[in-house]
Each structure stands twice: as structure tokens, then as C-alpha cells.
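All residue numbers refer to positions in the sequence shown, counting from 1.
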Amino acid sequence: KSLIQLSGSMFIVYGRKVFNHAGKYPFGRFGSISSKSLFELPSMHTKCSIILSDDETELVSLLSNVADEYSLKTTIRIAGGWVRDRMLELPIKDDIDIVLDDMTGAQFTQYIEKWNIKNGFQHVKFAVIQQNPEKSKHLETVTAMIGRYSVDFVNLRSETYSNDSRIPEMQFGTPLEDALRRDLTINSLFYNIKTMEVEDFSQKGIHDLKSRIVRTPLPALITLTDDPLRSLRAIRFACRLGFTIDEELASVISNPEVLQALEQKVSKERVQIELELMMKSPSAMRAITLLFQKQLLSTILRVSVVPTPSPGGEKERFLHEFPIKEFEQSSVGVALCTAKLIALMKSQTDCNKYTRKLIEGFKSEGEEWKVFMFGLLAAPAIGYEYDPPGARKKYPLVDFLLQKRLKMKNKDLSTCHKLHNCALQMADILRACLEHFQSPQEGTCLLMESNNGPISFGPISRLDLGLVCRESGELYPHSLLMAMAGLVVERLHLASRHKISTSCTTSSIEESAPSLEYVVQRLVSEMEGDFQQGFSSSTPLSSSSSSSSNDDLDAEALLHFTSVIEAAELFLQGFHALQLDGVWNEAPLLTGEDIKSVLGNIPKGPSFGEVMKEQLLWQLRNPRGNRNQLQLHLHDTFPTFI
């Protein structure tokens, strides 16, 4: 990389690429100007404000001692994430990247081994990680456990990309070249272990850390077309750190050329890794918002033909009367409505204590949260099939999106199926709760009991709720939230269609009905507004206790949220009144051996499963029932097995 001056204008030479400060190519994508430097950009050094821990000091001392012992001229630097997180005073992971300017990682680690043997230190086992571009390992790396750290050793490098691949050709590079090839300025900083200074060769990294900006070292169009995966990385770091995306970068992310390159040049496995990192973080909702705004979500989840309803009919769909052509809008709508519901429930008064308590114990990060986020995005696809061009069979649309498009692991897909199945059943119970409010019966006791315990609570049967809670287990809050969000989206769809069909006075979204599109636009604005006001990135959406948060939705749209929360409050009152907390851990009263003694002629095979299922149903209907009562019931139900 170098600066050259032609006719009074300054241009940067980057390999064979020539561009000006705005990222334009005055000589075409590949310029004909020699890359010989007239002068190089000066490095920017800042006095180190990083105070090393004892473990870090020990590692740096080892590396310095090795270089001094063998008179190595190489400059040793720590690169990337460690420098960024140290300067931001964030918790440090136990992995550190070491870059060397005139030798490979394999060559340097041989000197470490010799030094350890000479000085009687413990043998360090080094492993060579071969080049694997599909996992973003573009260069052979030597890794070792040194103290508590997993340390990777590589050389500084420059990269040249072809138009049809994100896998670069690499050569030894200068610190400037290595900094400019990186995805973001905040990831391009070095810590020189000899000078004990942070080096900012891009001249933007330190400024961007202080200004909380996500920006590319080179013009964004070059960085993103070289490797379109960097679009996702930019969003992930912006959300994780609570930074703002630079205007130029934000514009280029949704550039059709970049979106097409993401589809064609990046493997689905690499996309899935980035999405997983986003979805398991507390800032997942903001990530979904940005993916939607920048058209990345539609690119990632694109299907080439319109899906068709599954044979099971409308009851098996997550959203009744849902137009599948609006999938992306509904997908984001379900996620953002979930965020709004969480925020509203956190701000509820004592009259809704169960929903507030549910959310207070909800953990919005980690593996369960990740699967929940993916489940929300895929929920509108429940009940639809997809017939990919050239495929031999149809796929459930959920499976196609999560497994084929996003490469979700089988274990996570199974959990998603469980969340979806339970959300469908809970949505039916919530609908019954909503109908209960529409025709209240004053003076009627909600809890109905028998001698063997509670039977029902208002419109909620203990058997129905118990079965779905046993299936969902400790994930029942996730399925309940998903069901609630689905109902809000469904009601917005239906209300909008009804109003538009009966209103001839206006075509304005705001005036005719609180449509899903309108609500999504408002929630996206609210999400970004809260972020700009400095709210924590882990806050899904501002609650009603925030300044004018509910003003972002009109009264009619907000009514859909509050009515579903009231239904959920009745749902959870029933959950506790019917003594279902922990029902998923409840053991059967009769073991397999007990059943054989009670039903001596029970045949082997499916009949045994039928008896065990009947035992489960009886226990749910009779929570205080005993073994003798259950045995009599089984005698009456299966007389041929006695």
C-alpha cells in the first residue's frame, strides 16, 4: 500500500488496486499504476495505556527473551481482538494472536522450543493448523498453550482477492498492509511488545475506538466485495460493543453488489457461525434489526419459489391466514414484537405480577437464547412446505431455512421444533384466554377442583396445559413468549386486512390500520432510538417507564400487545393455581415392573406405551391421586390386560 500523486490528486495503491479517498477507481478496478511506493503512510503510535496482567507480562517476557537470546530481528506484535478489548477495558478471552514481520509462526516457535530446552522450562506442545479457507484460516497457523493462553503465531501478510472468491492470495506483508487488509479499524491495532506501544497503522483505529464507530480500514466497497462476510462481522461488532456503524459502511452493506457477493462467495457454514455469535448475545434483537434494515436477512433467508401450506391445514400454522409472501416482514415482526412484549412486561404493575416475574427470570443470552432467536425468525414458516427447484422431495419450510440455509446443528433444530410445537399449543390456550376476557362471568370462581386436586382454571384445562408444559420443560417461558408474539403479529395482520377492506377513505398505513409493516417500522425506529439515547445494548426495547416509549406505537397497535399480556397473565395464574411448576420432572407413580404386576397379561410392544401414556394423563387430571386409585383406573381402562 502506498500513496502516489498524479495531477495534484492523491491515490492509494493497494496491491494492484488504485483508488482515491472516496473509494473510486479512476483507473478501473485494476489500475495500471506501479505499486512502487513514493512514500508510505506513517504509523501512528500512542503511548501504551495498557497495564499488563501478571499472566500477560509472563507471556510477553517469554517472547522477548526468545528474540533476545537468538538475536532475532523480527518485530513481535500482539494483534486484533486482544488490543481492542484491552483498550476498551473489556474482559479478555484466553486467546492471543501474535504476528511476526519477517518469519513464519513455525520458524519462530522452533526458537521458543530451543529456548525452553536450554533453560529447563516445561516443554510446550505446538500444533500446526493447516490453511482452511472455508473456516477463515487463510494462512498456516502455529498454536500453543502458553500459561493460560492459547497463542496463535502467524506472519504479517498482504492479501489479493479475485472477483469470484473471498479466499485471498497471500504474501509476506508490512504492518501497514496487514492493518489495511483487516475487516475493521478497531480490529487493526497492534501492540508492539518491544516498544510497549499501541500501533495504529490505519490511523483510524484509536479514533474509532474512542468515538465508538465501526468502520473499515479501506473504502468499505473494497473491503466488503473482497470478503462479503465482513458485512455480518461489522453488524456483530457494532451490536456486541454498542458502537455505531459508519455511514459509508452502512450504505455499502446493502449495496446490491455486496449482497450478491455474500450469496455467491460465502459458504452457508461461515454465515451460520457469524449469525450464531449474534443470536447468543444480549444484543441479538438489535442485530436482527440491522440485518433487516440492511437487506441481509432477506438475502440469507431467500427462497426461490413461493412455499405452499402443509397438508395439516391452518391449525398447524404459527400465524393463521398468514401471507407467506410477507415472510421476512413477519419474521422480523415476531422478533421485535417479542422484544416489545419483554419491555412492557418488565414495566408492569403488581396487577400483572406473574408476567413480570417470568421476564425477570428470563436469561437473554447464551445457547438457549440463541436457539430461541432462530426459532422466532423461523416461526412464520411453521405449517408451510418448500419444494426447491431440482429437489426430489419437499421440505418443511422451517427445516429448509434452518438446516439448509443456515446449517443449524441437529440438536438445535430439534430444540427449535420443540419450541415451535409448544408455542402452537400455548397459542391455542392464549386464544381461549382472550375469548374469556371478551365474555367475562362475574362472580364465577376460576379454579375448579376435585377430591384429587385442581382440574381447571377459567378456560385452562390442567390436562391441556400440563401436557404442553411437560413437553416444553424448563423452556416453557420461551415457548410462551413465542406464542404471545405470534398472536400479536397475527392480530395485526387480521386487523389491518379487516380495516383496509372496510375503509374507503384513505390508503395511509397510519390512518387505515396498525398493520404489521407499520408496527415493524415503528419498533425498528424505537430500537435505534433507544440505542442512540445510550440505552444498554442488552435492553430489547424501551419499556413504558422510558421517556415516551409507548408514543412510538398508536393506541390501537399497543392494545394488541397489552391484551396478549393480559391473556398471558391469566395463563400464568392458571399455571401456578393448577400446580404445574416442575411438572416436567414429575415421575410416574407406577414403574414398568409395577404395571406388569397390575396388568399381568399386557402384551409386549405398543400396548405398553399406551398404558404409560394413560398413566400420565391420569396423573395430570388427578395431581393428588395415589397408586391404588391409579391401579383401579388402569384395571377399568384395560380390562383385557388383567
- [ ] Please check if any side-chain donor atom of Thr104 sits under 3.5 Å from a side-chain acceptor atom of Asn155, or the reverse.
- [x] no
Open item on the list: For a quick test of reading the model, state the closest non-hydrogen atom pair linking Thr75 to Asp101 and the distance between them.
Closed with: N-OD1, 2.9 Å
Open item on the list: If I take atom CD1 from residue Ile92 and atom CG from residue Asp85, how far apart are they, to the nearest 0.5 angstrom?
Closed with: 5.0 Å
Task: Test item: Leu72 and Leu100 side chains (from C-beta on) under 4.5 Å apart, heavy atoms - done: no
- [ ] Could you tell me whether Glu367 and Lys411 have a side-chain N and a carboxylate O separated by less than 4.0 Å?
- [x] no
Task: Exercise: do Asp200 and Ser202 side chains pair donor with acceptor under 3.5 Å - done: yes
Task: Salt-bridge present (Asp227, Arg233; N to O < 4.0 Å) - done: no
Task: Test: Arg182 and Asp178 ion pair at under 4.0 Å - done: yes
Open item on the list: Listing request: all ring pair (Phe, Tyr, Trp, His ring centres under 6.0 Å) pairs with a residue in residues 207-227, at least two apart in sequence or in separate chains.
Closed with: none
- [ ] Look at Glu360 together with Lys346 and state whether they make a salt bridge at an N to O cut-off of under 4.0 Å.
- [x] no
- [ ] Mark yes or no for whether Ser254, through its side chain, and Lys294, through its backbone, hold a donor-acceptor pair below 3.5 Å.
- [x] no
Open item on the list: If the threshold is 4.0 Å, N to carboxylate O, is there a salt bridge linking Glu263 and Arg405?
Closed with: yes
Open item on the list: My understanding is that only residues two or more places apart in sequence, or in another chain, count here; which of them pass salt bridge (Lys or Arg N to Asp or Glu O under 4.0 Å) with Glu89?
Closed with: none
Open item on the list: Using the salt bridge (Lys or Arg N to Asp or Glu O under 4.0 Å) criterion, which residues pair with Lys118? Sequence neighbours excluded.
Closed with: Glu69
